[in-house]
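Here the structure is a predicted model, which is why all the values come from computation and not from measurement.
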Amino acid sequence: MQHVLTAISDPTRRAALALVWDGGEHCVCELMARLNASQSRMSRHMKVLREAGLVLDRRDAQWVRYRRNPQLAPALVAIVDAVFAAQDAYERKVA
């Protein structure tokens, strides 16, 4: 549990996780462009998410593709969903 909470505590990692949470597979190049992050920075963030068990990776030539871990425990999925919902509510309130 601590690894998951630590992994989603960073805003960039949360944003990257939100992109892959849709169930699709996303190239690190796409994540870099959408989050305005360098390749090395994005790779470090995705490594934290992978080590927490939130995402899986697959090498595709020179790039790595990431997707949501379908084997993630339902309780952990509920935590991530709750964090996303709380963040959305906060952002709507502030805006």
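Judged by distance alone, the side chain of R67 and the main-chain N or O of V55 form no donor-acceptor pair under 3.5 Å. For R68 (side chain) and W21 (main-chain N/O), a donor-acceptor pair under 3.5 Å exists by modelled atom type. In this structure a side-chain-to-backbone donor-acceptor pair under 3.5 Å is missing from H3 to G53. Proximity of a side-chain donor or acceptor of D57 to a complementary backbone N or O of V64 within less than 3.5 Å is not detected.
Using modelled atom types, one finds a donor on one side chain and an acceptor on the other under 3.5 Å when comparing R41 with T12.
Side-chain heavy atoms closer than 4.5 Å link hydrophobic residues (I, L, V, M, F, W, Y) into clusters, and following such links, even through other members, never connects V48 to M1. By the rule that hydrophobic residues join a cluster once side-chain heavy atoms approach within less than 4.5 Å of another member, L5 and F84 end up as members of one cluster. Clustering ILVMFWY residues whenever any of their side-chain heavy atoms sit less than 4.5 angstrom apart, transitively, puts I8 in the very cluster that holds V20. Under the 4.5 Å side-chain heavy-atom criterion for grouping Ile, Leu, Val, Met, Phe, Trp and Tyr, V83 is connected to L19 within one hydrophobic cluster.
Atom CZ of residue R92 and atom CD of residue Q87 lie 11.0 Å apart, to the nearest 0.5 angstrom. In this structure, R44 CZ and D10 CG are separated by 11.0 Å, a value rounded to the nearest 0.5 Å. Separation of atoms CZ (R13) and CG (L35) is listed at 12.5 Å; rounding is to 0.5 Å. One distance of note links SG of C27 with CE of M42; it measures 11.5 Å at 0.5 Å rounding. Note that OG of S43 is 5.0 Å distant from OH of Y66, once rounded to the nearest 0.5 Å. Note that CG of L54 and CE of M46 are 9.5 Å apart. Values are rounded to the nearest 0.5 Å.
Listed by first then second residue, pairs satisfying salt bridge (charged side-chain N to carboxylate O under 4.0 Å, His left out) with a partner in residues 69-89 number zero, not counting sequence neighbours.
The local environment of CG in D22 is crowded, with over 12 non-hydrogen atoms from other residues, nucleotides or ligands closer than 6.0 Å.
Between R65 and H26 there is no side-chain heavy-atom pair separated by less than 4.5 Å.
Taking every heavy atom of both residues into account, A52 and V4 meet most closely at O-CG2, 3.8 Å.
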